Amino acid sequence: MIDEHADPTVGDLSEGEILRRILGRVGPSAALVGPGDDAAVIAAADGRVVATVDTLVHGPDFRLAWSSAFDLGFKAAAVNLADIAAMGATPTALLVALAMPESTRLSFVTGLADGLRAACRELSPGCAVEGGDLTVSDTLTIAVTALGALAGRDPVLRSGARPGDVVALAGELGRAARGLRVLFEHFTDAAGLPVPLDERALTPDERADLAAQLRPTPPVALGPAAAAAGATAMMDVSDGLVLDATRLAEASGVTVAIETATLGRDPVSALTGGEDHALLATFPGDAALPHGFHRIGSVAARRETAVLVDGKPPAGPGGWDPYRDWDSRSG
């Protein structure tokens with residue numbers, strides 16, 4: 001039974017009290033002016049700031065039956081840190097907007113804050129939550145804006161790949177997609193609605209896949225390393241390798257040729273599954289790949305299709321599009 005005095009709902013508290021509980025858990029500020037004023041002041045050593053935003057919405061992006069507050073905080077930070085890294089930048093700050101039902105327990109909010117802090121500490125030490133916003137909503141929504149610094153280098157864009165470049169990957173693809181299948185196959189009821197997790201019935205591989213889906217750990221430090229090694233183009237693989245490689249190829253006006261023999265034991269999941277947040281990059285053909293990247297293909301002059309898989313056009317779009325693929329009837 002919940003002790004309502006020890007764990008009140010956010011509807012029982014003021015915005016200021018909720019903010020104090022959050023800020024007491026997200027770690028020390030690294031900003032010139034941190035939380036507490038109308039806006040933070042973040043240092044931009046070379047005069048440029050890399051910025052991105054990503055939103056997690058209950059339903060299409062997560063299910064509370066499956067994700068703990070800590071997992072949600074960790075994932076909300078991780079997906080944004082990966083986008084900053086994909087520009088060749090180092091994350092410097094997160095701004096978090098949180099919309100919650102009034103019935104949300106304070107313990108959920110503090111767990112979310114703990115996850116945000118843990119992701120920054122593990123994936124990008126020196127980055128911290130420096131502010132944000134709170135509001136009430138019937139649908140739990142977490143929107144994170146991430147800022148980053150380029151350290152004097154040019155950003156690595158999607159549009160820089162050239163014929164003759166090597167296509168390389170940092171991180172593992174396919175696990176998050178398999179983890180999503182584990183959720184739908186093992187943790188739904190007869191009506192297809194989510195039920196709470198019980199990992200005791202899962203194999204070690206299934207638990208690892210589940211962790212990759214619920215708490216991704218993108219190789220954030222390898223983004224700046226790729227930039228320093230001369231990456232010509234780069235992006236975060238969040239929606240599926242084929243779909244994201246298509247975006248990179250179209251931005252660069254080239255064709256990306258992927259070799260499935262380089263993708264491990266489950267190339268189908270690697271090609272079409274999303275949410276692993278690996279880094280896809282291209283490098284000059286004679287460049288030494290930085291540690292942590294491995295070759296998965298090559299860049300050719302533009303052909304009829306933007307992506308080739310083992311020399312053939314891929315079947316289907318090869319990834320996730322929320323406007324095309326989300327089905328609200330699935331819970």
Side-chain angles (χ1 to χ4, degrees), residues 22-23 25-27 29-31 34-35 39-40 42-44 48-58 60-62 67 69-99 109 111-134 140-151 155-158 170-171 176 212-227 234-240 244 247 274-281 320 322:
I22 293 173
L23 295 177
R25 305 183 83 92
V26 293
S29 171
I42 311 296
R48 298 172 298 172
V49 176
V50 179
T52 188
V53 63
D54 202 290
T55 304
L56 299 181
V57 180
H58 184 252
D61 297 310
F62 65 88
S67 294
F70 184 94
D71 286 342
L72 285 175
F74 196 103
K75 186 170 186 174
V79 300
N80 281 275
L81 296 173
D83 281 334
I84 294 293
M87 300 297 291
T90 299
T92 56
L94 300 181
L95 306 174
V96 181
L98 185 57
V109 181
L112 187 77
D114 289 343
L116 289 163
R117 180 178 184 178
C120 289
R121 185 170 59 241
E122 178 178 338
L123 303 176
S124 188
C127 182
V129 175
E130 301 293 1
D133 186 44
L134 294 175
L140 179 62
T141 303
I142 308 159
V144 177
T145 297
L147 307 178
L150 290 163
V156 184
L157 309 180
R158 298 180 181 185
Q213 166 59 222
L214 298 178
R215 196 185 300 179
T217 54
V220 175
L222 294 184
M234 186 159 52
M235 67 180 297
D236 162 49
V237 183
S238 56
D239 294 326
D244 286 328
R247 292 165 173 161
E275 297 190 282
D276 292 290
H277 300 284
L279 295 178
L280 177 69
W320 163 262

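None of these values were measured; they are calculated from a predicted model.
- Listed by chain and residue number, Arg175 satisfy the side-chain contact (heavy atoms from CB on, under 4.5 Å) test with Ala212 (two or more places apart in sequence, or in another chain).
- Counting heavy atoms from C-beta outward, Leu123 and Pro218 have side chains that approach closer than 4.5 Å.
- Residues satisfying the side-chain contact (heavy atoms from CB on, under 4.5 Å) criterion with Pro125, sequence neighbours excluded, are absent altogether.
- Minimum heavy-atom separation, Ala31 to Ile42: CB-CD1, 3.5 Å.
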Which atom pairs, one a donor and one an acceptor, fall under 3.5 Å between side chains of residues 71-79 and the rest of the protein, sequence neighbours left out?
from, atom 1, to, atom 2, distance (Å)
Asp71, OD1, Arg215, NE, 2.8
Asp71, OD1, Arg215, NH2, 2.6
Asp71, OD2, Ser68, OG, 3.3
Lys75, NZ, Gln213, O, 2.9
Lys75, NZ, Gln213, OE1, 3.0
Lys75, NZ, Glu275, OE2, 3.0

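- Looking only at distances, a side-chain donor or acceptor of Asp276 sits under 3.5 Å from a matching main-chain atom of Ala176.
- Asp239 contributes no side-chain N or O that, together with a main-chain N or O of Asp244, makes up a donor-acceptor pair within less than 3.5 Å.
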Apply side-chain contact (heavy atoms from CB on, under 4.5 Å) to residues Val144 and Thr52 and explain how you reach the verdict. CA-CA 8 Å; Val144 177; Thr52 188; over 6 Å; no
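- Across every non-hydrogen atom of Ala170 and Pro219, the tightest pair is O-CG, 3.5 Å.
- Atoms CG and CD1, from Leu112 and Ile22 in turn, are 7.5 Å apart once rounded to the nearest 0.5 Å.
- Residues Leu81 and Ala119 approach most closely at CD1-O, 4.1 Å, considering heavy atoms.
- When side chains are defined from C-beta on, Leu98 counts as touching Leu140, because their heavy atoms get closer than 4.5 Å.
- Here side-chain hydrogen bond (donor to acceptor under 3.5 Å, both in side chains) pairs that include residues 113-125, with residues two or more places apart or in two chains, are Arg25-Asp114.
- The side-chain contact (heavy atoms from CB on, under 4.5 Å) check on Ala43 picks up Leu32, with sequence neighbours excluded.
- Expressed to the nearest 0.5 Å, how far CG of Leu94 lies from CG of Leu116 amounts to 7.0 Å.
- The two residues Leu214 and Ser67 have their closest heavy-atom pair at CD2-OG, 3.6 Å.
- Qualifying side-chain contact (heavy atoms from CB on, under 4.5 Å) partners for Val49, counting only residues two or more places apart in sequence or in other chains: Ala44, Leu147.
- Partners of Asp236 under the side chain to side chain donor-acceptor pair (under 3.5 Å) rule, at least two apart in sequence or in another chain, are His277.
- Across all non-hydrogen atoms, the minimal contact from Gly131 to Pro35 is N-CG, 4.2 Å.
- Note that the CG atom of Asp61 and the OG1 atom of Thr55 stand 8.0 Å from one another [nearest 0.5 Å].
- For the pair Asn80 (side chain) and Asp54 (backbone), a donor-acceptor distance under 3.5 Å is present.
- What you find for Thr90 and Pro224 is that their closest heavy atoms are OG1-CG, 3.5 Å.
- For the ring pair (Phe, Tyr, Trp, His ring centres under 6.0 Å) test, residues two or more places apart in sequence or in another chain that qualify with Phe62 are His58.
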